[in-house]
Participant: 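Please see the structure below; I have some questions.
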Amino acid sequence: MLDLKFLRDNLDEVERRLATRGGAIDLGDFRALDDSRRALLSDAENLKAERNQVSALIGRTKDKSQVQGEIVRMKAVSTRIKELDEELRQVEENLKALLMTLPNLPEANCPLGQSEADNPELRTWGEPTQLGFEPKPHWDLGEDLGIIDFERATKIAGARFSLSKGAGARLERALSNFMLDTHTQGGKYTEVLPPFMVNRDTMTGTGQLPKFEADLFHMDDPDYFLIPTAEVPVTNIFRDEILDGAELPICYTAHTPCFRKEAGAHGRDTRGLIRQHQFNKVELVKFARPEDSEVELEKLLADAEGILQALKLPYRVVDLCTADIGFSAARTFDIEVWLPAQQTYREISSCSSFGDFQARRASIRFRREAGSKPEFVHTLNGSGLAVGRTVVAVLENYQQADGSVVIPEVLRPYMGGLEKIS
RNA sequence: GGAGGAGUGGCCGAGCGGCCGAAGGCGGCGGUCUUGAAAACCGUUGAUGCGCAAGCGUCCGUGGGUUCGAAUCCUACCUCCUCCGCCA
């Protein structure tokens with residue numbers, strides 16, 4: 001959510017900066033709603049002030065017959081207040097609805113662009129893997145090795161689900177544990193295990209609602225949503241709270257399944273593990289002071305990159321342009337891992353800074369010092385990493401000519417010493 | 001799922017339909033005293049909206065209602081606690 005006052009005072013600038021995301025955003029309604037809100041508010045408040053005053057007088061008067069006229073008059077005033085409050089409620093509802101559907105302002109140094117084709121590549125790490133033979137895609141590797149069963153997953157649930165077994169299931173678990181252990185080492189991040197189903201307020205706090213309900217799995221018996229990422233429950237840990245500034249930054253990591261409908265992705269990445277309705281992810285979430293968020297984003301990105309480096313998987317870092325960053329994000333860096341079978345880099349992590357956008361929606365604040373005014377924190381998060389896609393990267397990059405897959409060294413302790421899947 | 005009880009400021013806790021944004025305590029902050037600290041004492045200490053400001057409004061789990069006036073009365077919902085049942 002954008003700051004109402006900032007929006008009011010900088011309407012043109014906001015419109016211009018939001019336009020860099022692509023797709024016109026019309027703020028024409030805003031001015032009218034905002035004006036009428038303030039007019040109604042002022043009318044209602046004046047009447048309330050009068051009512052408070054006169055009611056106090058009535059209270060002080062022992063002989064009520066002396067103030068009978070005032071009582072009758074206040075009855076009418078109260079009726080009028082009720083009407084104004086109702087009008088105000090509707091205007092505020094509309095205003096809030098508008099506000100809640102406005103995306104975040106891209107940060108000033110977010111590169112301008114029209115589409116993902118305009119995302120600058122910041123750096124690459126490692127050389128694209130040279131195998132010296134025709135690489136198999138991971139779905140063939142997985143099925144040939146008997147560690148991934150797509151057909152039966154489809155029988156059990158449907159398209160875009162997978163079933164891992166044996167060394168495949170263990171590889172997924174090994175990666176998850178390796179990532180969590182790495183991030184929590186030395187107390188860098190605190191591990192949390194949040195609910196995988198959340199309520200509407202929580203989904204609204206991080207920006208999935210009200211605009212993107214179609215992307216979410218929803219149950220209506222209790223009105224719950226399956227989380228599309230751990231960002232949602234973890235960021236909302238401090239919803240409606242005021243934190244002690246001395247505790248910032250607060251850094252959490254969480255390993256959770258993620259559930260996504262992938263609505264609108266028909267026909268894209270239909271084979272393999274790349275795009276699933278359910279996948280595991282280790283997430284990194286930070287709450288930081290505004291002046292620290294830029295540095296914290298760099299550190300978070302480095303932490304995510306560290307996993308790929310330890311696994312010796314080649315990757316590149318891309319700076320998402322204004323047209324490609326998500327609804328709530330102010331700045332995003334994607335990490336893309338090299339996939340030999342596709343001869344391309346594919347997204348494996350997305351690290352974003354949200355400024356105070358989520359903090360304002362979810363009301364997450366902090367006090368610099370005891371007694372000082374509460375300020376909004378900055379929230380950040382990133383994948384560290386998407387576990388399913390990391391399985392894909394390991395299988396494809398570590399495959400051998402004979403169809404076996406070598407286990408990356410750092411994972412072997414997590415695989416019971418196993419060095420190769422064959 | 002059934003039966004009872006409870007939700008007040010960072011925490012504990014009082015609160016008669018008007019004098020309550022709310023006693024008191026703890027904690028926090030400032031001060032006095034002290035070489036320093038503790039103790040003691042004094043003072044101070046919620047959030048938010050509109051407004052240049054003075055100021056005014058709103059918030060006692062949430063929504064609705066009664067009333068000139070609601071933390072206080074009525075109502076629905078939510079959450080928590082206790083007991084019973086069921087259960088990994």
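Residue numbers begin at 1 in each chain, while the letters A, B, ... track the order of the sequences. Predicted model only: the values in this text are computed from it and were never measured.
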Participant: Are any of A:Lys5's side-chain N or O atoms less than 4.0 Å away from OP1 or OP2 of B:G49?
Facilitator: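 Negative; the distance criterion is not met.
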
Participant: OP1 or OP2 of B:G49 sitting under 4.0 Å from any side-chain N/O of A:Arg38?
Facilitator: no

Participant: Whole-Å distance between B:U44 C1' and A:Glu369 CD?
Facilitator: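 Atom CD in A:Glu369 sits about 17 Å away from atom C1' in B:U44.
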
Participant: Distance check needed: B:G46 P versus A:Lys373 NZ, whole Å only.
Facilitator: 8 Å

Participant: Going by an N to O cut-off under 4.0 Å, is there a salt bridge joining A:Glu375 and A:Arg368?
Facilitator: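 Yes.
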
Participant: Rounded to the nearest angstrom, tell me the gap between atom NZ in A:Lys48 and atom C1' in B:U48.
Facilitator: 14 Å

Participant: A:Asp85 has an atom CG; how far is it from atom P of B:U58, in whole Å?
Facilitator: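 Rounding to the nearest Å, CG of A:Asp85 and P of B:U58 are 9 Å apart.
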
Participant: Please determine if a side-chain N or O atom of A:Arg37 lies less than 4.0 Å away from the OP1 or OP2 oxygen of B:C50.
Facilitator: yes

Participant: Considering just the side-chain nitrogens and oxygens of A:Arg73, establish if one lies under 4.0 Å of OP1 or OP2 belonging to B:C68.
Facilitator: no

Participant: OP1 or OP2 of B:U66 sitting under 4.0 Å from any side-chain N/O of A:Lys82?
Facilitator: yes

Participant: Return the value, rounded to whole Å, for the distance between atom CZ of A:Phe6 and atom C1' of B:G49.
Facilitator: 20 Å

Participant: B:G46 C1' sits how many Å from A:Arg365 CZ, rounded?
Facilitator: 11 Å

Participant: Does a side-chain N or O of A:Lys75 approach OP1 or OP2 of B:C68 to a distance below 4.0 Å, or not?
Facilitator: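 Yes.
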
Participant: Counting distance only, does the side-chain N/O of A:Ser42 pair as donor-acceptor with the main-chain N or O of A:Arg38 below 3.5 Å?
Facilitator: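 Here the side-chain-to-backbone pair does not exist.
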
Participant: Salt-bridged, A:Lys261 to A:Asp215, with N to O below 4.0 Å?
Facilitator: no

Participant: What does A:Ser78 touch in the nucleic acid at a heavy-atom separation under 4.0 angstrom: a base, only the sugar-phosphate, or nothing?
Facilitator: sugar-phosphate

Participant: For B:C56, does OP1 or OP2 lie under 4.0 Å from any side-chain N or O of A:Asn46?
Facilitator: no

Participant: Report the distance from atom CZ of A:Arg367 to atom P of B:G27, rounded to the nearest whole Å.
Facilitator: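 Atom-to-atom, A:Arg367 to B:G27, this comes out as 18 Å.
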
Participant: How many whole angstroms separate atom CG of A:Leu47 from atom P of B:G69?
Facilitator: 13 Å

Participant: Determine: side-chain N/O of A:Arg8 to OP1/OP2 of B:C50, distance under 4.0 Å, yes or no.
Facilitator: yes

Participant: What does A:Leu41 touch in the nucleic acid at a heavy-atom separation under 4.0 angstrom: a base, only the sugar-phosphate, or nothing?
Facilitator: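 Since only primed, P, OP1 and OP2 atoms lie under 4.0 Å of A:Leu41, the category is sugar-phosphate.
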
Participant: Just do the side chain to side chain donor-acceptor pair (under 3.5 Å) check on A:Glu305 and A:Tyr315 with the steps written out, would you?
Facilitator: CA-CA 8 Å; A:Glu305 286 180 65; A:Tyr315 67 86; 2.6 Å; yes

